Amino acid sequence: MLRKDDLISGGLAFLVGGAFLVSAIRDSNLTFEAATSDGVPGAGFFPIVLGALLAALGLVLAVRALVTSFSTTRKGPTAPSERAQAVLEPEHVAVEQASSEPELEPAERKQDALLLLGTLALLAVFLTFWHATGWFYPGLYVMTLLMSALYRRPLRFLLIFPACFTLFIYLAFTLGFSIQFAV
Amino acid sequence: MSSEVWASALQTLMQPSVLLFLCAGVVIGTIIGALPGLSATMAIAIMTPITFWFSPTEGFAMLMGLWNAAIFAGGISAILVNTPGTPASITQSFDGYPLYRRGQGGIALGVNVIFSVLGGVVSVIALILFASPIARFTVTFGPSEYCLLAVFGLAMMIAVASDDVLKGLVVGAAGLLVASIGLDPILSVKRFTMGQTSLLAGVSFIPVMIGIFGIGEVLYQIHIRNRAREAEELAERKRNLKLGRVLPPVKETLGLVPRTTVAAGASTIIGAIPAAGGDIASIICWGNSKKFSKHGDEYGKGSVEGLAVSSAANNGVIGGAMTTMLTLGIPGDAVTAILIGSLTMYGMQPGYKMFSENADFTAQVMLLMLLANLVMLAFGLATAKASARALSVSQSTVWVAVCGLCVVGSYSLNNNFFDVILMFIAGVLGYLFKAHGFPPGPFILGLLLGSMFESNLRRALVMSNGSYSIFVTRPVSLVLVVLVALTFVVPLLRSLQKSSRSRRLPVQTKETVQ
């Protein structure tokens with residue numbers, strides 16, 4: 001099977017690295033070598049080398065994705081239980097915690113994806129609203145209210161938590177530290 | 001450092017405001033650390049902007065209390081719900097949870113407090129003893145050594161943070177590239193600023209950290225949410241198993257001191273290695289202690305000794321990470337990376353200058369760590385049973401609060417909306433990194449060390465008229481070059497060895513913990 005994730009990530013890294021490389025080459029101020037002495041790097045040395053390196057690494061990642069197969073897992077490789085397993089397995093024991101976790105149903109996956117998108121959208125809308133109107137506290141209150149509703153918290157919680165949280169931020173930051181949250 | 005410096009530092013720490021912020025840090029750290037899903041790194045990232053409103057001593061008092069307490073409190077959820085509060089507590093769940101199931105939850109919590117403090121104290125003593133000589137040694141360092149130190153830190157992070165070195169390299173290179181945005185450190189030429197004055201000083205480090213470890217972590221937790229596991233944990237909390245007495249018997253406790261002191265010493269050394277964090281230290285210490293203990297067969301089944309070793313190893317890492325950070329300016333882990341950002345904001349430069357130009361403050365930080373452990377001992381034992389209640393806070397409540405605090409924290413750093421946007425972008429990036437198996441550590445280290453790497457590389461090459469031989473002709477540089485090479489070669493050889501072994505042994509028997 002194709003390692004789709006790595007293919008996309010590799011492609012993106014190639015594009016980002018390439019973009020930095022091209023813009024560094026095109027900028028006349030960013031020279032590879034300093035004008036003063038031979039072989040001493042100029043302001044463009046680092047971006048050019050790193051842009052090329054990132055593009056090359058992205059390309060290798062994408063190519064590797066095309067030639068290898070894998071089984072899709074939802075857990076990141078740096079999860080502690082997996083790291084524990086990696087260290088302990090050869091000498092001592094295997095930690096079976098990760099494998100004992102129940103599998104996720106497709107409906108649950110979909111629900112989590114919606115929660116994820118909802119959280120991102122609420123944050124983005126709040127920041128846009130705050131930037132457009134300058135009203136920080138009403139925005140914060142509505143965001144915490146809607147986010148709590150999105151996570152299906154009980155009605156009593158919806159009535160109490162957003163108001164208390166907004167009040168806490170006001171007392172601590174605006175009254176305590178004199179932060180005005182002006183854009 | 002002279003005795004006058006220590007005396008003056010101690011005098012400063014006795015101010016009521018400093019002690020108050022230290023205690024507040026311990027209380028907040030205990031609550032945050034006990035909550036599964038809220039790591040010490042996230043806590044420090046969110047709280048750091050707030051501490052900029054205090055004096056450096058008060059700010060660091062809060063951060064030191066918070067950091068030490070959050071690491072120790074990670075063991076509370078590991079013991080009571082079998083879920084490590086922080087990655088460093090992974091091995092505490094091996095023995096702590098069986099102890100709790102056996103009705104000895106109180107003893108497990110008590111052992112966690114006592115030996116976390118022991119680990120912390122041993123590591124701080126090591127910090128006090130060795131930091132100054134190491135700092136003196138670094139006076140001889142030139143640009144080539146500092147450049148290679150940055151590369152070594154980054155290389156270690158890439159090698160340790162992920163099983164996939166290629167992915168680590170990609171994010172490390174991306175971090176370095178992002179660090180090149182802003183004014184060039186030698187000639188002050190504008191680079192990739194897109195006409196934005198906010199980008200002239202470069203990409204702010206703290207908002208990026210808040211985004212990656214705050215919003216990014218929340219999004220990732222939603223992504224991996226497992227309702228069945230949540231229901232299991234909830235049922236576990238409601239099962240109301242008796243916690244029993246908290247203080248373990250004195251004789252048994254004293255008997256554990258030699259073994260845990262060794263573990264604390266070992267984890268201090270592990271903590272001093274860039275990127276080797278608490279999780280690795282506790283796994284190595286627990287595994288080796290099991291191997292050499294007379295009661296090794298009890299490990300993983302509710303061994304008090306196993307839990308004590310894990311607890312000591314967790315907090316033992318802190319002093320080691322601080323040693324590397326204060327003496328070399330290289331972060332030992334993500335928390336020390338944020339602390340370097342804080343020091344820079346206060347106008348201080350980690351490295352030997354901390355011990356010459358800011359000796360008073362450096363001594364204060366060390367003593368604060370010692371004091372934080374003493375406060376933690378008293379507070380932890382007094383509230384061991386009560387702290388278990390922090391576990392009843394719903395994860396979704398934590399998510400909402402973290403999102404709000406991330407916005408507020410990133411804004412209050414400079415009263416700048418641009419930092420909030422930066423934090424939001426970093427949050428999305430942090431989520432994408434974790435969801436697609438890219439370790440965020442190398443990106444953060446690349447961003448933090450980029451300027452140190454580039455400026456010292458260029459200075460070194462100016463000194464040698466463009467000759468790269470400067471990196472191998474100086475003894476310390478040569479050692480660092482070898483270490484960097486080994487960092488990449490060793491994992492490569494191990495993976496080759498592993499793949500050839502797995503080809504020879506297709507079916508491997510596994511022995512399990514439980």
Side-chain angles (χ1 to χ4, degrees), chain A residues 5 9 13 16-17 20 23 29-30 37-41 43 46-47 50-51 53-54 57-58 60-61 64 74-78 80-81 83-84 86-88 91-96 101-102 104 108 112 115-116 119-120 123 127 131 140 144 147-148 151 153 161 165 169 173 177 179 181 183, chain B residues 53 84 87 90 161-164 166 169-170 173-174 176-177 180 184 187 189 191-192 219 222-229 279-280 283-284 287 290-291 300 396-397 399-401 403-404 408 411-412 415 417 420-421 424 434-439 454 458 461-462 465-467 510-513:
Chain A
D5 274 11
S9 313
V16 171
F20 269 87
S23 48
N29 292 320
L30 302 184
S37 56
D38 289 341
V40 174
F46 218 61
L50 285 171
L53 181 71
L54 184 60
L57 289 169
V60 174
L61 189 63
R64 191 186 69 174
R74 295 189 74 193
K75 235 174 155 344
T78 50
S81 53
R83 291 179 65 170
V87 175
L88 291 170
E91 294 145 21
H92 310 290
V93 286
V95 183
E96 289 197 333
E101 276 185 7
L104 288 178
E108 245 184 87
D112 289 348
L115 279 187
L116 190 70
T119 308
L120 268 175
L123 271 167
L127 295 184
H131 190 251
L140 182 70
T144 46
M147 221 178 248
S148 304
Y151 301 146
R153 301 315 310 277
F161 181 76
F165 184 72
I169 297 293
F173 288 85
F177 300 136
I179 297 172
F181 295 104
V183 178
Chain B
W53 296 86
I90 175 81
S162 168
D163 294 338
D164 193 339
L166 181 59
L169 280 169
V170 168
L176 286 172
L177 205 49
S180 72
D184 133 56
L187 305 166
V189 176
R191 296 191 300 203
F192 316 116
L219 296 176
I222 295 171
H223 174 78
I224 57 158
R225 190 180 190 190
N226 192 324
R227 287 174 178 78
R229 196 184 59 199
D279 47 349
I280 291 175
I283 290 162
I284 291 174
K290 177 184 163 69
K291 206 170 168 182
S396 47
T397 310
W399 294 340
V400 179
C403 286
V408 172
Y411 179 85
S412 49
N415 287 359
F417 187 76
V420 184
I421 300 295
F424 182 68
K434 287 197 90 174
H436 297 286
F438 286 86
E454 184 185 5
R458 288 168 69 181
L461 289 173
V462 168
N465 288 322
S467 168
K510 285 178 180 177
E511 189 190 333
T512 58
V513 169

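Just so we're clear, the structure is a prediction, and the values are computed from it rather than from any experiment. Letters go in sequence order (proteins before strands), and every chain restarts at 1. Computed over heavy atoms, backbone and side chain alike; hydrogens, waters and symmetry mates excluded.
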Within a strict 4.5 Å, meaning less than it, do heavy atoms of the [X] and [Y] side chains meet?
X	Y	result
Asp164(B)	Phe438(B)	no
Leu50(A)	Glu454(B)	no
Phe173(A)	Ser412(B)	yes

Give, as side chain, backbone, both or neither, the part of [X] having an atom under 4.5 angstrom from any heavy atom of chain B.
X	value
Phe161(A)	side chain
Phe165(A)	side chain
Ala43(A)	both

May I ask you to name which of Val189(B), Asp184(B), Val420(B), Leu177(B) has the most heavy-atom pairs under 4.5 Å with chain A?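 Among the listed options, the one with the most contacts to chain A is Leu177(B).
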- Flag the one option from Leu187(B), Leu219(B), Leu461(B) with the top tally of heavy-atom pairs under 4.5 Å to chain A.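 Looking at each of Leu187(B), Leu219(B), Leu461(B) in turn, Leu219(B) comes out on top.
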- [ ] Find the distance between CG (Leu116(A)) and NE2 (His223(B)) and round it off to the nearest 0.5 Å.
- [x]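 It comes to 8.0 Å.
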Relative to chain B, which of [options] shows the most heavy atom pairs under 4.5 Å?
options	result
Gly51(A), Pro47(A), Ser148(A)	Pro47(A)
Val16(A), Leu54(A), Leu53(A)	Leu54(A)
Leu123(A), Asn29(A), Ile169(A), Leu140(A)	Leu123(A)

Answer with side chain, backbone, both or neither: which region of [X] has an atom nearer than 4.5 Å to a non-hydrogen atom of chain A?
X	result
Val408(B)	both
Ser180(B)	side chain
Leu169(B)	both
Leu166(B)	side chain
Ser467(B)	neither

- Between Trp53(B) and Phe177(A), how do the two ring planes meet: parallel, tilted or perpendicular, split at 30° and 60°?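 Judged by the thresholds at 30° and 60°, the geometry between Trp53(B) and Phe177(A) is parallel.
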Is it true that the side chains of Thr119(A) and Tyr151(A) contain a donor and an acceptor less than 3.5 Å apart?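 Per modelled atom types, Thr119(A) and Tyr151(A) side chains form a pair under 3.5 Å.
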Exercise: identify the closest heavy-atom pair between Leu176(B) and Phe46(A) =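 Shortest heavy-atom separation between Leu176(B) and Phe46(A) comes out as O-CE2, 4.4 Å.
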Query - Heavy-atom closest pair, residues Pro41(A) and Arg458(B) - result: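 That would be O-NE, 3.5 Å.
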